[in-house]
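The structure appears below as structure tokens.
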Amino acid sequence: MSEMNRRSLLIRNAQVLHPDGTISPGDVEVRDGQILQVTAAGAIAPSADLPEIDATGLTLLPGVIDPQVHFREPGLEHKEDLFTASCACAKGGVTSFLEMPNTKPLTITQAALDDKLRRAAEKCLVNYGFFIGATAENLPDLRTANPVCGIKVFMGSMHGPLLVDDDAVLDRIFYRDLSDPNYENRLIAVHAEDMKRLRERRAQFADETDPAIHSVIQDNQAALMATQRALALSKKYQRRLHILHLSTGEEAELLRQDKPAWVTAEVTPQHLLLNTDAYKTIGTLAQMNPPLRSPRDNEILWQALLDGVIDFIATDHAPHTLEEKAKGYPHTPSGMPGVETSLPLMLTQAMKGRCTVAQVANWMSTAVAKGYQIPNKGIIAPGYDADLVLVDLNTYRPVRREELQTKCGWSPFEGWELTGFPVVTIVGGQVVYDHGKLNTDVRGQALRFGS
Ligand code: DOR
């Protein structure tokens, strides 16, 4: 088959999610990796050169763009690598991801960024973009590194050069000359936890070995303090700011009162659906940064998402091996995988009536493309890239450890009965996942950013 034909296909009789949020039976013709036309079901004549997918009974959504993942390559491949992680993405309906800089070496220079892009081009089944990490030393790299989705600042829960909690350094990173209309305004994405408070409280609770203490040590106040600080800097310089994995009701209420037009925020499925009760059942597998919070925080975050105070959803896919997770608190690493479960978790909530399918697609694709200024993605309409997922909203089945593609081999959601699992995932017009089978020959592309 020619290159063009490999990226061309016809999706027949799907329940298509349209840009206005309505869902109706339709056909979608894809040519050369892009959507050519979306019609009523049965309106497109068969064509000999166009492979057809019978999507009867399935719902067609824009592919998920996961804007916060840790895929561990280079340097930490015993946990995950770009191939295994992108297989997990394809299975989870994630057609693009934005990856974090805490790999080895750290992604803090153009050379390290180029190395990741090269590895991804070789191994990734889905589309990819990378953050550059801020340090106290790499200001010039932060301004020029290309292509990047943004600058990642760890204000807390980090050690080494990627920890940036000094006021003067933060000010320099956020700085913009407001008298110069062309001054660069690259997005800064913050991990907002106050390091000074975390250090003090770690010392205070140093003898505790119950993992539930993690949420007490890294408390709501620590998150709120850092978010307040980032917000103040963003306002001072009118700097694009994205608050990663918002976890507390206090931060959500702060943003409800005070959120400039250039600020966005995200929440993870685990901060919506898990809380501190999870330590009782899954122990250190529930340990992440920022930590799980109370059921009341779950409720406030949900409301903030529904009201548009929180813009989109990220998984913070942060795999660690079961051996590492068995070390016993506080020696256990923080983080949990997520790309294989995020879409069914959220679609299950939609089927329960907590939100709509259209809202899920907006939070997991359309709004992410908008926030990160990723052109041509996140909408099913002519001219957009054919990054698509067909999901089954009629069948329920449990999350099973043995079916997971992530190298770490576990999920905090094992045993949860979910619907909305992907049946077919399409990246740039290529079928990368089909009824349980991956096509590992497919490769994604480097994402572009900017309007
Ligand atoms: O729980 C977490 N784990 N939060 C982070 O921000 C980093 C991540 C990791 O890389 O393991």
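Numbering of ligands and ligand atoms starts at 1, following listing order.
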Flag for Ser157-Gln218: side-chain donor and acceptor within less than 3.5 Å: yes

Geometric cation-pi criterion, Arg397 with Phe421: 6.0 Å, 45°: yes

Short side-chain donor-acceptor distance under 3.5 Å, His70 and Glu80: no

side-chain hydrogen bond (donor to acceptor under 3.5 Å, both in side chains), paired with Asp297, selected from Asn220, Thr248, Asn275: Asn220

Centroid-centroid distance, Tyr372 to His242, less than 6.0 Å: yes

For ligand 1, run through the N/O pairs with the protein that fall under 3.5 Å and put one pair on each line.
| from | atom 1 | to | atom 2 | distance (Å) |
| --- | --- | --- | --- | --- |
| ligand 1 | 1 (O) | Asn289 | N | 2.8 |
| ligand 1 | 1 (O) | Ser334 | O | 3.3 |
| ligand 1 | 1 (O) | Gly335 | N | 3.3 |
| ligand 1 | 3 (N) | Ser334 | O | 2.9 |
| ligand 1 | 4 (N) | Asn289 | O | 2.8 |
| ligand 1 | 6 (O) | His191 | ND1 | 3.1 |
| ligand 1 | 10 (O) | His70 | ND1 | 3.3 |
| ligand 1 | 10 (O) | Arg72 | NH1 | 2.9 |
| ligand 1 | 10 (O) | Asn102 | ND2 | 2.8 |
| ligand 1 | 11 (O) | Arg72 | NH2 | 2.8 |
| ligand 1 | 11 (O) | His320 | NE2 | 3.0 |
| ligand 1 | 11 (O) | Ser334 | O | 3.1 |

Passing option when Asp167 is tested against Lys236, Arg172, Arg229 for salt bridge (charged side-chain N to carboxylate O under 4.0 Å, His left out): Arg229

